[in-house]
Amino acid sequence: MGGFYGAVVTRGFRRYATYRTATAAGVFTNSVFGLIISYSYLALWHQRPHLGGYSEPQALTYVWLGQALLTPMALMGGGFEDELMERIRSGDIAVDLYRPADLQAWWLSADLGRMGFQLLGRGVVPLACGALVFDLTLPADAATWLLFAVSVLLGGLVSFAIRFLVGLTAFWLLDGTGVSQATLLTGLFFSGMLLPLTVFPGVMGEIARALPWSAMLQVPADVLLGRHRGGDALLALAFQAGWAVVLLALGRLLQTAAARRVVVQGG
Amino acid sequence: MAEARADARGGVRTGLPGQRAGGPGGAPGGYGPGWDRPDSSVRRAREAVRAYVLIVRMWVRSTMAYRTSFVLTALGNFAATGLDFATILLMFSHIHRLGGFTLPEVAFLYGACSTSFGLADLVMGSMDRLGRRVRDGTLDTLLLRPVPVLAQVAADRFALRRIGRITQGVLVFGWSLPRVDVHWTTVNVLIVPMMLLSGGVIFSTVFVVGGAFQFWAQDASEVQNSVTYGGATMLQYPPGIFARDLVRGVTFVVPLAFVNWLPALRVLGEPDPLGLPGWLDFASPAVAAVCCVLAAAAWRAGLRTYRSTGS
Amino acid sequence: MHDLNGPSSGPEAVAGPDPVIELEDVEKVFDVRRKTGWMRRERHQVRAVDGITFSVPRGEIVGYIGPNGAGKSTTIKMLTGILNPSAGRIRVDGIDPARERTRLARRIGVVFGQRTTLWWDLPLRDSYELVRRMYRIPDAAYTRNLDACVELLDLGPLLEVPVRQLSLGQRMRGDIAAALLHDPEVLYLDEPTIGLDVVSKSRVRGFLRDFNAERGTTILLTTHDLTDIESLCRRVMVIDHGRVMYDGGLGGLHDTGESERTLVADFARELPPVELPGARLVSADGPRQSFAFPAGASAAPLVAELAAKHPLVDLSIREPAIEEVIARMYGAS
């Protein structure tokens, strides 16, 4: 069975790899945005050095990490969820449910494939661009990079789990536009894409840092920036893993309910 | 040259008499003698606007077939574009000035830019669908109609929900007006509408050039985003915080600085970081006009390429 | 019935002196870049249309057929002004499509079988209203044409229905009407019956025949359905490799290739090969047996014979595909 899902991952990867011009165009856009946001952060950190506990180079690194993870984490949409909703609405989902493959595992594999490609295709180059123009603080030790890789993977799981839940709402809602949009906005805001969550003031910041979206950018960035060390790093990963497990389990529950609904309706 | 080749057969029916009940004047096929003839560019522009409005009306009615969805997406558009301002507010929870600008001053820049960009996005935002239409071949059906292709592409899938962004921009701009420290002379009062309109036109031409670019690179619609959305993000902040070369780029290469920076700096009484001559603060309409000419040329070149390569 | 003053004239009356479509040595060459490696690309030229010359008299219905990639749609695109020819001369109703595309657009109608121009979420009537305004059709002409189309295509009950709720056949009828509201001189039809059921197909054909007879609209038709050609066109052009391979009557095409129709019979059980006079058995697959018989012959006696002597469950007749006919034609020459 592992071989089967492995094949789905590969297919997801390949599918996105075919859009070469689009990837290049996306990288360009990510880099332009990275440049613009960098300058706004520079202005901010110029006035408040060590804001949110970041030095200026760390804040800039955060910007470019954000651009690198934006597409892999599907923070602006563009993952599988639209397709899932479309299949639910058209009724094709009934076919998927009767397949020997598990619905959640199948979509997760496909989405991991997509994420894998977009990390390489749309993540690496913008980060390199940023490093060329600005003085970034990227770690030199392999251990931190390894932790970062695990953290990104866990963030990807959380990202998938949330979008899977959103997709499944199509079973109950005729028009998923509202839910999609609301999650997209919440995600952009609470992942730390606009500003690091460590900069959010007071209680708002504390809540933002505890929500699952922080697992998608804030936590991986802090891991790479070396703000979590030793046991602290493990704690951060555990935080991500916890959310991943909870949300994936929720998705499983919802999927079972949805499957029952399809069966009741006669597929 | 098309004008020179006036309709040699105009109005003269060479086919069988009486076969057709006939349009007025017996014009073959077409109706109304005037509309069957090559037109001046003013006339073509008027035709384009008319066609644009016709098609937009159809899309608006189509949109209203799904009213709930429209309300939700318009709200979403409003909120999504508001996130940018939320970021600025968050920044100002730590500081009192950003790049030398107070919050109302940044809001003034932000509101002007968002309003202009929102207008352009509403009117011309569909241009980035051109690549898809080229890829799937549906552009051909637009070339079969007796109205300018640009008008049809611009009106394609007209998204009324984009009034969300304009609303948001206008609100922020309105909030800033009584709070900025400006002596409202006649000149300053007149600059404001000039700035908003010219800005809208400049952004529109960027959309058109971006669309034309997709005749050559169909998958590259995101490049356009970097100039439109990226540019709009940049203009929300004071020019002083950016590297000089970047500011020069958006002044002389892609003249976005004329959208709001230069006129707004004049109103706010701030010096511009490049130290450009003062009269440039009033140059936005002229720059917008030049942009229109260039965009039209780019569009025509793109369409010409399409008609010779078909891909 | 429809407001048609003057006697309607058959195609013969017009043939010859008044060509409405003219092509002289028309060529279209594409530069194609082919990927040969990770980053390497190879440029080469493809002659999609390679010296085509023909003319179509006003009022004629012409079938324009050929295998996929033969240059059919490239020709149509040049005739409508979508594509500019690389060489040669084209005139449609006296207009050079490449130079005056918009002016030409008022005089031609185009229907793509697989692509609707109707507005998905709006009632059919709204699409027509847009056409009226876009083409500036005077009220009288609009009313006359719409009434005629509504009656002949039976669109009355559909006018207020959103297009997304129409069946494929209904939508095709709607599309054809939309292409005719502005009184085009020339109508291009690309696969107008594709995907339609038998009833819808014959209805569309009947309409085109009547409309052509009454209005004298010139029709150029591409199709894969030989029955379209048989029931509509007196003249057929076969295009392959960008050239006109055949230009003449349909009969001539048949003669060159003796096309055959296929009678597929499903029996109640598996039978030994059935002898059917006037046809030959081409395949037996379980209870299903297929017989080929000359396309010109009637199927009725064969069916009667089968039904009388054997336990027949189901029966269908397959028309020869254009490709088959063309393939035979090449084989014969």
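Each chain gets a letter, A, B and so on, in the order its sequence line appears, and its residues count up from 1. None of the values given here were measured: they were computed from a predicted structure.
- Proximity to chain B is limited to the side chain of Phe33(A), based on heavy atoms less than 4.5 angstrom apart.
- We find the CG-CD distance between Asn30(A) and Glu222(B) to be 7.0 Å, quoted to the nearest 0.5 Å.
- The candidate with the highest count of non-hydrogen atom pairs below 4.5 Å against chain B, out of Leu188(A), Val32(A), Leu44(A), is Leu44(A).
- For a heavy-atom cut-off of 4.5 Å, chain A lies close to Phe242(B), Ala243(B), Leu246(B) in residues 242-263 of chain B.
- Note that CE of Met234(B) and OG of Ser40(A) are 11.0 Å apart. Values are rounded to the nearest 0.5 Å.
- In this structure, the portions of Thr87(B) lying under 4.5 Å from any heavy atom of chain A include both its backbone and its side chain.
- Residues of residues 60-72 of chain B that come within less than 4.5 angstrom of chain A, heavy atom to heavy atom, are Ser69(B), Leu72(B) in numerical order.
- Here OG1 of Thr81(B) is found 9.0 Å from CG of Leu185(A). Values are rounded to the nearest 0.5 Å.
- Heavy-atom pairs under 4.5 Å with chain A peak, among Ser93(B), Ala80(B), Gly131(B), Gly99(B), at Ala80(B).
- Here Gln47(A) contributes atom CD and His96(B) contributes atom NE2; the two are 9.5 Å apart, rounded to the nearest 0.5 Å.
- In this structure, CZ in Phe189(A) is found 5.0 Å from CG in Leu90(B), a value given to the nearest 0.5 Å.
- In Arg135(B), the CZ atom is crowded: over 12 heavy atoms of neighbouring residues, nucleotides or ligands sit closer than 6.0 Å.
- Contacts with chain B (heavy atom to heavy atom, under 4.5 Å) involve these residues of residues 51-70 of chain A, listed by number: Leu51(A).
- In this structure, chain A has no heavy atom under 4.5 Å from any part of Phe92(B).
- Ile241(B) approaches Ala43(A) most closely through the heavy-atom pair CG2-CB, 3.5 Å.
- The contact list for residues 202-220 of chain A toward chain B, using heavy atoms and a distance under 4.5 Å, reads Met204(A) by residue number.
- Taking CD from Gln236(B) and CD1 from Ile36(A), the interatomic distance works out to 9.5 Å, rounded to the nearest 0.5 Å.
- Panel note: side chain Arg48(A), backbone His94(B); a donor-acceptor pair is recorded below 3.5 Å.
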